[in-house]
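Beneath this line is the structure, given in structure tokens, with notes to follow.
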Amino acid sequence: MNERPALGLIVVAGFIGTIFDIPPIFALTAESFLTLERANVSIDDDDELTTRLIVEGLLIPTDGSEGAFGYGILTEDGDAILVAHTHPGVMDSEDQRFIEDPLWHNHFVKLGDNVEQCGEDQGVVDITWQSPGEVRIDDNTARISGVPTDEFEGWDSITGKELSITLGETVSEVISFKLDPVFDEEDGLQAVCVTDIRSAEEEVNLD
């Protein structure tokens with residue numbers, strides 16, 4: 001599963017239109033899985049990051065029924081952020097088994113404010129095909145472990161080009177977010193925008 005993607009990001013055009021237009025009646029109460037109550041972050045002697053995120057609701061969806069969303073770790077001393085997310089209909093990770101796989105997985109991501117299709121929202125500029133570390137969802141808790149904080153070498157999910165990226169160790173913020181792909185029927189996926197960004201309610205606890 002570590003082979004370079006031949007055509008970059010793989011998208012199911014028909015499916016992508018459905019996962020981001022879910023009637024509110026099917027949503028969990030007030031999308032409580034997007035409200036982060038607590039975040040504990042630690043860096044071990046091997047310079048690897050571990051975090052435990054607890055949401056307000058009783059359950060973090062793992063079946064793709066709530067569309068594309070995730071959680072992010074921002075730092076002050078790196079050039080990227082760590083994201084753990086789920087999004088059936090888009091295959092952008094070595095961990096996913098098939099295109100509609102809603103499996104939770106990690107990325108290192110660079111965001112930009114000048115992605116034309118995203119307007120005032122930030123958009124994905126670079127994203128690793130590799131999924132550094134591991135993510136596990138248990139009811140209302142997301143546990144992310146084994147994430148390298150120093151320079152990481154891989155390749156970009158969208159372009160397939162080599163990519164060097166660094167998370168850093170000085171954690172500044174923990175967030176939740178939604179993903180909104182901009183898709184053209186003729187030219188395919190144009191951009192992935194990051195919307196509805198929310199900070200953790202409690203101050204990040206650095207162990």
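Note that the structure is a prediction, hence the values are computed from the model and not measured. FYI, side chains are in, hydrogens and waters are out, and symmetry mates aren't considered; it's all heavy atoms of this structure.
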For this session: Would you give the length of the straight line joining atom CD of Gln122 to atom CG of Leu111, rounded to the nearest 0.5 angstrom?
Result: 5.0 Å

For this session: Measure the spacing between CD1 of Ile197 and CG of Leu34 and express it to the nearest 0.5 Å.
Result: 11.5 Å

Problem set entry | Test item: Ser176 side-chain N/O and Tyr71 main-chain N/O as donor-acceptor pair under 3.5 Å | no

For this session: Answer whether the closest heavy-atom distance between the side chains of Glu201 and Leu36 falls below 4.5 Å.
Result: no

Exercise. Asp77 and Glu169: side-chain contact (heavy atoms from CB on, under 4.5 Å), yes or no, with the steps?
Worked result: CA-CA 7 Å; Asp77 56 335; Glu169 296 185 3; 4.1 Å; yes

For this session: Report the relative orientation of the aromatic rings in His105 and His85; use parallel for angles under 30°, tilted for 30 to 60°, perpendicular for over 60°.
Result: perpendicular

Problem set entry | By side chain to side chain donor-acceptor pair (under 3.5 Å) - contacts of Ser131 (at least two apart) | Ser93

Exercise. Side chain to side chain donor-acceptor pair (under 3.5 Å) with Glu151: which residues, sequence neighbours excluded?
Worked result: Ser164

Exercise. Does Glu48 CD have over 12 foreign heavy atoms under 6.0 Å away?
Worked result: yes

Problem set entry | Asp139 side chain vs Leu59 backbone, donor-acceptor pair below 3.5 Å | no

For this session: Sort and list the pairs that fulfil disulfide bond (SG atoms under 2.5 Å apart) and have at least one residue in residues 119-180, not counting sequence neighbours.
Result: none

Seminar exercise, completed: Between Ile81 and Leu74, the two heavy atoms sitting closest are CG2-CG, 3.8 Å

For this session: Kindly compute the distance separating OG (Ser32) from CG (Asn140), expressed to the nearest 0.5 Å.
Result: 9.0 Å

Problem set entry | Where Pro88 and Gly64 come nearest, the two heavy atoms and their spacing | CG-CA, 3.7 Å

Exercise. Between Gln190 (side chain) and Gln117 (backbone), is there a donor-acceptor pair under 3.5 Å?
Worked result: no

Problem set entry | Separation of Glu134 CD from Ser145 OG (nearest 0.5 Å) | 5.0 Å

Exercise. Measuring from Ser42:OG to Leu49:CG, what's the distance to the nearest 0.5 Å?
Worked result: 6.5 Å

For this session: Apply side-chain contact (heavy atoms from CB on, under 4.5 Å) to Glu76 and list each qualifying residue two or more places apart in sequence or on a separate chain.
Result: Thr170, Ser172

For this session: Find out whether Leu179 and Val194 are in side-chain contact, i.e. whether some heavy atom of one side chain is under 4.5 Å from a heavy atom of the other.
Result: yes

For this session: Write down the atom of Ala84, the atom of Val135, and the distance for their closest heavy-atom approach.
Result: CB-CG2, 4.0 Å

Exercise. Same cluster or not: are Ile43 and Ile73 linked, directly or through other Ile, Leu, Val, Met, Phe, Trp or Tyr residues, by side-chain heavy atoms under 4.5 angstrom apart?
Worked result: yes

Problem set entry | Lys/Arg-Asp/Glu bridge criterion (N-O < 4.0 Å) met for Asp180, Lys178 | no

For this session: List the atom of Thr75, the atom of Gly78, and the distance in Å for their closest heavy-atom pair.
Result: OG1-N, 3.5 Å

Problem set entry | disulfide bond (SG atoms under 2.5 Å apart) contacts in which one or both residues fall within residues 60-166, not counting sequence neighbours | Cys118-Cys193

Problem set entry | Beyond-backbone contact of Ile144 with Leu82, side-chain heavy atoms, under 4.5 angstrom | yes

Exercise. To which residues is Val125 joined in a hydrophobic cluster, defined by side-chain heavy-atom contacts under 4.5 Å among Ile, Leu, Val, Met, Phe, Trp and Tyr, whether direct or through other members?
Worked result: Val115

Problem set entry | Contact check, side chains of Asp92 and Ile127, non-hydrogen atoms, under 4.5 Å | yes

Exercise. Which atom pair, heavy atoms only, marks the closest approach of Thr166 to Thr149?
Worked result: CG2-O, 3.5 Å

Exercise. What residue pairs, at least two apart or across chains, pass salt bridge (Lys or Arg N to Asp or Glu O under 4.0 Å) with a residue in residues 104-120?
Worked result: Asp79-Lys110

For this session: Name all residues meeting the ring-ring contact (aromatic ring centres under 6.0 Å, His included) criterion together with Phe69; count only those two or more places apart in sequence or in a different chain, and write none if there are none.
Result: Phe33, Trp104

Seminar exercise, completed: Hits for side-chain contact (heavy atoms from CB on, under 4.5 Å) against Asp45, two or more places apart or cross-chain, chain-then-number order -> none

Seminar exercise, completed: side-chain contact (heavy atoms from CB on, under 4.5 Å) filter on Arg52, not counting sequence neighbours, yields Asn40, Ile54, Thr141, Arg143

Exercise. Taking only residues two or more places apart in sequence or in another chain, which ones pass side-chain contact (heavy atoms from CB on, under 4.5 Å) with Asp101?
Worked result: Gln96, Arg97, Phe98, Leu103

Problem set entry | Distance (rounded to the nearest 0.5 Å) between Thr128 OG1 and Ile165 CD1 | 6.5 Å

Exercise. What residue pairs, at least two apart or across chains, pass ring pair (Phe, Tyr, Trp, His ring centres under 6.0 Å) with a residue in residues 135-154?
Worked result: Phe108-Phe152

For this session: Determine the minimum heavy-atom distance between Asp44 and Asp46, stating which atoms define it.
Result: OD1-N, 2.9 Å

For this session: Give a yes or no on whether the backbone of Pro102 and the side-chain of Thr86 come within a donor-acceptor separation of less than 3.5 Å.
Result: yes

